[in-house]
Amino acid sequence: MSKKETKYIFVTGGVTSSLGKGIVSASLGLLLKSRGFKVTIQKLDPYINIDPGTLNPYEHGECYVTEDGAETDLDLGHYERFLDSPTSQNNNVTTGKIYQTVIEKERKGDFLGKTVQVIPHITNEIKRRIKMLSKKDNDIIITEIGGTVGDIESLPYIESVRQLQWELGKTNSMVIHLTLLPYLASSGELKTKPSQHSVRQLMESGIQADVLVCRTEHTIPKEQKAKLAQFCNVGLGNVIECIDMDTIYEVPLYLQKQSFDEVVLKELNLPVGKEPNLKDWKTFLKKYKNPKRTVEIALVGKYVSLQDSYKSIAEAFIHAGSDMETEVKVRWIYSGELDEKNIEAELKGVDGILIAPGFGDRGIEGKISAARYARENKIPLLGICLGMQIMTIEFARNVLELSKANSVEFDTSTPDPVIALMEEQKNVVDKGGTMRLGAWKCSLKAGSKLAEIYGAKTIAERHRHRYEFNSDYKKDFEEKGLVPTGLNPETGLVETLELKDHPFYVGVQYHPEYKSTVATPHPLFKAFIAAAVKG
Ligand code: GLN
């Protein structure tokens with residue numbers, strides 16, 4: 001039997017950015033997966049950075065890391081959290097990557113003397129990257145095109161979609177256009193004109209939107225839907241409303257109620273079949289909305305003014321919290337203004353403290369104060385990546401009495417480099433993609449808290465760091481009670497620390513938050529919440 005044809009869905013955005021293309025794509029992915037299709041979602045980012053690894057989180061939010069060690073856009077986190085299946089480096093493409101590949105080929109002489117141009121060379125590379133995902137036996141590939149229709153940067157992507165649709169044939173691909181219906185409070189009206197214009201702009205590029213998903217603060221009256229359908233060449237049923245919701249996890253259900261998935265399947269000439277099975281998803285939402293108790297966790301980080309910077313952590317709290325029928329309120333604490341004097345007031349009453357990942361020395365001393373406060377007051381603490389390194393520095397200074405102990409990241413001449421640069425990092429000059437990245441194995445000590453939490457001897461978690469616990473100090477730490485309980489089986493690198501005689505004082509060099517999904521809440525977050533509940 002010949003392999004069935006892969007179907008392609010392109011998601012474009014109009015009117016403004018930040019409309020939630022990632023959530024709409026992830027929601028559609030979930031609905032189609034729940035109907036039995038093998039789905040993957042890809043993000044095309046029109047910026048020239050090779051990846052977001054070198055970007056300040058204030059620019060595009062958190063940098064997400066895949067199993068295979070790619071530093072990617074945070075939307076890939078949504079895809080994994082909704083679909084409960086891992087993405088890879090092929091799921092995020094940037095203009096930087098496209099040009100890099102084309103220019104490398106040019107240097108090798110692969111273009112045989114031809115003039116290298118946006119069309120066809122750049123567009124061919126974009127199409128190759130989109131089609132590459134069909135090799136994984138996917139039934140449906142959803143490709144989200146970053147940016148807004150009309151942006152200069154997006155043009156090669158839009159042109160590639162046009163070419164691909166032509167090559168694939170009408171029934172094998174479709175375009176969903178996400179747009180905004182602004183509400184004019186003075187006249188009490190939702191306006192359709194900006195959407196009409198952005199659909200027209202797409203048409204000028206040779207693309208007809210097949211479905212409109214309209215972000216709106218209010219229900220769209222029937223007449224407005226009809227107007228959109230008429231002016232934008234789509235069926236009335238293909239105008240889908242996406243009203244602002246309390247939680248992103250409600251979006252798939254809201255879209256499903258309007259038969260969004262059915263509309264899409266019909267456009268792609270695929271059998272509609274039975275209603276998707278969303279029982280577990282609904283249970284998750286029900287538990288999330290009806291918690292039996294509340295805990296408050298202080299998230300101590302330096303990017304607190306932008307919650308997108310710690311997106312995966314915030315979502316991991318939601319998944320684990322729902323599972324445990326516990327509302328997790330997050331108190332965002334800016335570590336740059338935290339010190340020994342105000343720590344008590346700032347952290348008063350919290351049930352747990354999470355020390356966030358990060359880079360650079362801003363806010364470090366505030367994080368150290370938070371680690372000390374949690375250790376001395378026996379408040380549950382979870383330190384992630386830099387957070388674990390902070391716990392190490394604090395313990396070295398205040399328990400091992402190495403008052404100048406530090407990480408070489410912050411003080412290259414510290415007499416006690418308890419956190420040191422990893423050996424393989426010593427000759428690294430380039431910043432992009434050069435950290436220890438992706439999933440690495442970790443062996444957990446029998447009888448440790450972490451072995452119990454995971455219920456396993458060996459785990460694999462995702463990493464993103466250059467510095468590590470300095471094993472020269474391992475014995476000293478162990479003797480005083482901060483015990484390395486998880487080691488990389490090959491290198492002996494310390495992956496986890498646990499404090500004895502403390503209800504929960506756990507540091508991990510890896511990022512558990514990247515693996516938490518709605519269907520599979522992370523055991524470490526669950527254990528942390530359980531400790532906070534016990535308080
Ligand atoms: N800056 C630290 C390192 O590179 C921690 C990184 C992180 O928290 N992701 O090792």
Side-chain angles (χ1 to χ4, degrees), residues 51-58 60-67 69-72 74 77 299-304 306 308-314 316 333 335-336 353-368 370-371 381-394 396 405-412 414 417-440 442 461-471 473 484 486 488 491 493-497 506-516 524:
D51 59 44
T54 52
L55 284 172
N56 184 326
Y58 284 118
H60 294 275
E62 164 190 280
C63 171
Y64 188 75
V65 179
T66 58
E67 285 287 295
E71 295 176 287
T72 73
L74 63 69
L299 193 152
V300 184
K302 72 167 174 177
Y303 303 117
V304 276
L306 203 65
D308 265 4
S309 307
Y310 303 110
K311 191 87 200 149
S312 294
I313 295 177
I333 308 266
S335 58
I353 298 172
L354 186 142
I355 304 191
F359 297 85
D361 62 2
R362 183 164 55 87
I364 288 303
E365 295 303 323
K367 286 184 173 173
I368 293 175
L381 179 135
L382 177 60
I384 297 181
C385 203
L386 176 65
M388 181 190 106
Q389 300 176 355
I390 293 289
M391 291 160 69
T392 308
I393 301 168
E394 188 281 319
N406 214 333
S407 161
V408 267
E409 181 177 2
F410 318 125
D411 179 3
T412 43
T414 168
V418 287
I419 301 294
L421 193 60
M422 283 184 282
E423 199 50 44
E424 70 264 26
Q425 289 287 329
K426 291 198 171 141
N427 295 318
V428 172
V429 187
D430 283 357
K431 289 273 181 277
T434 55
M435 281 187 254
R436 179 174 181 246
L437 289 165
W440 292 88
C442 165
E461 290 277 11
R462 301 184 200 173
H463 297 70
R464 183 170 186 247
H465 64 121
R466 281 184 215 287
Y467 297 87
E468 63 172 325
F469 180 96
N470 184 343
S471 291
Y473 292 87
N488 177 283
T491 60
L493 185 146
V494 172
E495 298 278 19
T496 71
L497 292 171
V506 174
V508 290
Q509 187 55 74
Y510 51 79
H511 292 261
E513 71 275 20
Y514 292 144
K515 276 178 80 162
S516 175
L524 190 49

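The model shown is predicted, which means the values in this text are computed figures rather than measured ones. In listed order, ligands and their atoms are each counted from 1. Both backbone and side-chain heavy atoms feed into the values below; hydrogens, waters and symmetry mates do not.
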Candidate pair E71 and R464, rule salt bridge (Lys or Arg N to Asp or Glu O under 4.0 Å), full reasoning: CA-CA 9 Å; E71 295 176 287; R464 183 170 186 247; 2.7 Å; yes
Qualifying residues under side-chain contact (heavy atoms from CB on, under 4.5 Å), relative to [X], sequence neighbours excluded:
| X | value |
| --- | --- |
| E67 | P86, A439, R462, K515 |
| A314 | W332 |
| S312 | E62, Y64, R81, E513, Y514 |

Neighbour count >12 (heavy atoms, 6.0 Å) for atom NZ, K426: yes
Member of E468, Q509, E394 meeting the side chain to side chain donor-acceptor pair (under 3.5 Å) criterion with Q389: Q509
Once you restrict both partners to nitrogen or oxygen, which atoms of ligand 1 have a protein partner under 3.5 Å, and how far apart are they?
unit_1   : atom_1 : unit_2 : atom_2 : d
ligand 1 : 1 (N)  : G358   : O      : 2.9
ligand 1 : 1 (N)  : E409   : OE1    : 2.7
ligand 1 : 1 (N)  : E409   : OE2    : 3.2
ligand 1 : 4 (O)  : R466   : N      : 3.0
ligand 1 : 8 (O)  : G358   : N      : 2.9
ligand 1 : 8 (O)  : G358   : O      : 3.4
ligand 1 : 8 (O)  : L386   : N      : 3.0
ligand 1 : 9 (N)  : R464   : O      : 2.9
ligand 1 : 9 (N)  : H511   : NE2    : 3.3
ligand 1 : 10 (O) : Q389   : NE2    : 3.1
ligand 1 : 10 (O) : R466   : N      : 3.2
ligand 1 : 10 (O) : Y467   : N      : 2.9

